[in-house]
Amino acid sequence: MIIHYIDVGQGDATLIKCGDKAMLIDAGENDKGSQVWSYLKSQNVTKLDYVIGTHPDSDHIGGLDNIINDFMVYATSLEMDLIRRVGII
């Protein structure tokens, strides 16, 4: 297991890889989504088995829209009403 703490300034973003599985926990502010996206690509992540938004503060889930829209995601802990409220879909 390898844990990556991605520097997104104020906020959190953590990538956990174990074998061919990958999990992303949070993705920083909205303007950090492309930075997290680039980091995932640099680590050869092509799919995310799990995406977790720990709570609905923008410095935790703001950048998740870039990730959810551009990566194959198999499971997420975000509730649909939360996703709609923050405008991810």
Side-chain angles (χ1 to χ4, degrees):
M1 179 184 304
I2 301 172
I3 301 172
H4 305 252
Y5 297 101
I6 305 166
D7 183 6
V8 292
Q10 171 63 35
D12 289 321
T14 305
L15 171 65
I16 301 172
K17 292 177 71 178
C18 187
D20 66 342
K21 304 287 185 188
M23 173 191 301
L24 180 68
I25 303 171
D26 293 335
E29 288 281 1
N30 192 50
D31 65 345
K32 300 298 183 181
S34 60
Q35 177 183 334
V36 173
W37 184 93
S38 294
Y39 187 84
L40 296 176
K41 289 293 188 180
S42 77
Q43 296 301 309
N44 299 314
V45 174
T46 58
K47 66 178 178 64
L48 290 163
D49 297 281
Y50 304 96
V51 173
I52 299 171
T54 57
H55 62 282
D57 288 350
S58 65
D59 63 335
H60 290 263
I61 65 165
L64 285 179
D65 57 341
N66 290 51
I67 306 308
I68 291 171
N69 289 329
D70 292 338
F71 281 85
M72 185 177 297
V73 175
Y74 292 97
T76 179
S77 72
L78 297 173
E79 297 178 30
M80 288 308 293
D81 66 310
L82 171 62
I83 292 171
R84 287 187 188 101
R85 275 187 286 153
V86 298
I88 292 174
I89 60 168

Would I3 end up clustered with I52 when hydrophobic side chains under 4.5 Å apart are linked, directly or stepwise? yes
Tracing side-chain links under 4.5 Å among I, L, V, M, F, W and Y, which residues wind up in one group with I2? none
How long is the gap from CG on D70 to NZ on K41, to the nearest 0.5 Å? 7.5 Å
Closest heavy-atom contact between K47 and F71? N-CD2, 4.3 Å
Output side-chain donor-acceptor pairs under 3.5 Å for residues 19-26, partner residues at least two apart or in another chain, one line each.
from	atom 1	to	atom 2	distance (Å)
D26	OD1	T54	N	2.9
D26	OD1	T54	OG1	3.2
D26	OD2	T54	OG1	2.8
D26	OD2	H60	ND1	2.7

Taking atom CD of Q43 and atom NE2 of H4, what is their separation to the nearest 0.5 Å? 4.5 Å
Compare every heavy atom of G62 with every heavy atom of D65, then report the nearest pair and how far apart it is. OD1-O, 3.2 Å
The reported gap from CG in D7 to OH in Y39 (rounded to nearest 0.5 angstrom) is 10.5 Å
Take M72 and L48 through the side chain to side chain contact (heavy atoms under 4.5 Å, CB included) test and state the conclusion after the steps. CA-CA 6 Å; M72 185 177 297; L48 290 163; over 6 Å; no
One should read off an interatomic distance between S58 OG and L64 CG, to the nearest 0.5 angstrom, of 11.5 Å
With sequence neighbours excluded, residues passing side chain to side chain contact (heavy atoms under 4.5 Å, CB included) with A13: I6, V8, V36
Which of these passes side chain to side chain contact (heavy atoms under 4.5 Å, CB included) with E29: D59, D57, I61? D59
How long is the gap from CG on D12 to OH on Y5, to the nearest 0.5 Å? 10.0 Å
At their closest point, which heavy atom of I67 faces which heavy atom of A27, and how far apart are they? CG1-CB, 4.4 Å
